[in-house]
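Data first, discussion second: the structure below is written as structure tokens.
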Amino acid sequence: MIPIHLAFGASFFLFGTLNNVLYVVILSAALDLVDKAATPKGLILFVNIAPALLVKVGWPYFVPGQPRYKARIVSCSALSFAGILIVALSNTLFFRLLGISIASFSSGLGEMTYLQCATVYGSLSLPDGIDLGGKAVGWFSSGTGAAGLIGAGLWWILRGLGVRTGLLICSFLPLCMSLTYFFLLPSLASFKPTSLFSSDTPYAPLPNLDAEATSDTSSLLEEDQVMARVERQLEKLPGLTTKEKFELARPLFARFMLPLFFVYLAEYTINSGVAPTLLYEIPNRKDSPVLASMIKNLRDYYPLWQLLYQTFVFISRSSLSIFHLPPLPLSLLPLPTILQLVILALTILESTTSVFVNLVGESGATWITILLVCCEGLCGGAAYVNCFYRLGTAIEEVGQGDEDALEVGGSSRIVKDSRRREQEKEFRIASVGFADTSGILVASLISSALEPRLCRSQVSRGRTHCTEL
């Protein structure tokens, strides 16, 4: 039997990997199927991003009721499976784009669902008392970082079998999300509750839950029975209203949404608009043996930038889970975003003026660009994992008005107040998801105009590499 802490970490790592790797595989295959010469790139980008943005904007704020994790995860599995089949089996552009949009919708819903689920498990601790706060978010983030590497590698292997055959083989992947949830993720009963109670209340069986629980202190129910009884009492706890949700989201705008928006805006502008123009002379083996082993022609530069970027995204998104680094303090959350904007400015400067080439030559400029791309991945991953870690672990004080609204007393009131705080955490971590997706959407629009402009600037200076691809 798998130890509970390993099953817990593996489950959320797989959630992050499977949710995002399906998106990578479907998109990669769709681009192979679509006639790129006849289909505007902007259209593919739009159907790739818009459905995920729609679900991240609409679902947290306007869908009432508490999250239904089982139904959502089964739905994500079904939608991803449908997206794979539609892209693989269709012969028309409309249905292939439909498959991409379904995959995008499923990816957006899945990311929101698993992050919310992570807040539930962040409210628990292992039976030996080890607190799980933030660890679920950390493992999920690590999985999302691994998805880019795994997805690219998987499709590189399978595409040799043909696009349709490769996709049909990948159709088992959505099933793995449901299998992970139902058969690998430990049940809530396997853990010890921590934050169902106020921070100054030690964990103990609650008195006065009902007449049976108080009739004889010597015959208290087992902890899981007590908590099951508490949960039954909480079933009728009203969900957050739309007005309450907007009030909760308002203070998150400057602290979380803006940093996520701008870090993704800068990140995807670099990847889509600037990186394709960061091209240098082909290195020779005598002067630059390391670079020459990686770069054989001009077409090797962009895949190298993407490989380095994805690798360092994985490293930084794994900082809390695998590398056990401390999270950034709240006051430093904007730091990765600021650094990412600086990297964007430096890469645009290099693309437009070749400043690095003028200072240190072609090989030196290549190494500087490699460093910048690695830092880009670190900044993007750090912003993601630290923002969602803070959103998943922060517990806000319950106002007096909320306490009065619950209309309960004693220890039951403490539990209900705590459950309301858990509802608020589930909403908060879902409410900011549209910020990063909006940044990607805006970046795709900027990149569509920026890349050709940078290329024209290089050609005007006599550097024609961007026209030779």
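Just so you know, these numbers use all the heavy atoms, side chains as well, and skip hydrogens, waters and symmetry mates. Because the structure is a prediction, the values reported are computed rather than measured.
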Students often mix this up, so state it plainly: with edges at 30° and 60°, are the rings of Phe191 and Tyr121 parallel, tilted or perpendicular? perpendicular

Relative to the ring of Phe427, is the ring of Tyr61 parallel (under 30°), tilted (30 to 60°) or perpendicular (over 60°)? perpendicular

For Thr144, all residues meeting side-chain hydrogen bond (donor to acceptor under 3.5 Å, both in side chains), sequence neighbours excluded: Arg317

Could you tell me which residues satisfy side-chain hydrogen bond (donor to acceptor under 3.5 Å, both in side chains) with Glu362, sequence neighbours excluded, listed by chain and number? Arg463

Over 12 non-hydrogen atoms of neighbours within 6.0 angstrom of [atom1] in [X]:
X	atom1	value
Lys296	NZ	yes
Leu6	CG	yes
Tyr301	OH	yes
Phe246	CZ	yes
Phe323	CZ	yes
Arg68	CZ	no

So, taking the atom named [atom1] in [X] and the one named [atom2] in [Y], what distance separates them when rounded to the nearest 0.5 Å?
X	Y	atom1	atom2	answer
Ile102	Ile86	CD1	CD1	3.5 Å
Ser106	Arg72	OG	CZ	12.5 Å
Ser75	Phe105	OG	CZ	9.0 Å
Ile440	Asn271	CD1	CG	10.0 Å
Thr437	Phe434	OG1	CZ	9.5 Å
Ile49	Leu445	CD1	CG	8.0 Å

Taking salt bridge (charged side-chain N to carboxylate O under 4.0 Å, His left out) as the definition, give me every residue that meets it alongside Lys135, ordered by chain and number, with sequence neighbours left out. none

Heavy atoms only: give me the nearest [X]-[Y] pair and the separation to one decimal.
X	Y	answer
Leu149	Gln310	CD2-CB, 3.8 Å
Gly110	Asn19	CA-OD1, 3.4 Å
Ser431	Met257	O-CE, 3.9 Å
Lys56	Gly433	CD-O, 3.3 Å

Non-neighbouring partners of Cys455 that pass disulfide bond (SG atoms under 2.5 Å apart), sequence neighbours left out: Cys466

By disulfide bond (SG atoms under 2.5 Å apart), which residues pair with Cys374, not counting sequence neighbours? none

Could you walk me through whether Tyr114 and Phe15 pass ring pair (Phe, Tyr, Trp, His ring centres under 6.0 Å), step by step? CA-CA 7 Å; Tyr114 295 128; Phe15 287 149; 4.4 Å; yes

Is there a side-chain contact between [X] and [Y] (heavy atoms, below 4.5 Å)?
X	Y	value
Trp139	Leu320	no
Leu173	Phe81	no
Lys425	Thr393	no
Ile84	Pro174	yes

Arg250 and Glu247 ion-paired at < 4.0 Å: no

Check against side chain to side chain contact (heavy atoms under 4.5 Å, CB included), Asp300 and Met294: CA-CA 8 Å; Asp300 291 336; Met294 297 184 292; over 6 Å; no

Out of Leu372, Leu278, Thr366, which one pairs with Phe356 under the side chain to side chain contact (heavy atoms under 4.5 Å, CB included) rule? Leu372

Who are the ring-ring contact (aromatic ring centres under 6.0 Å, His included) partners of Tyr309, not counting sequence neighbours? none

Could you tell me whether the side chains of Ser104 and Ser107 share a donor-acceptor contact shorter than 3.5 Å? no

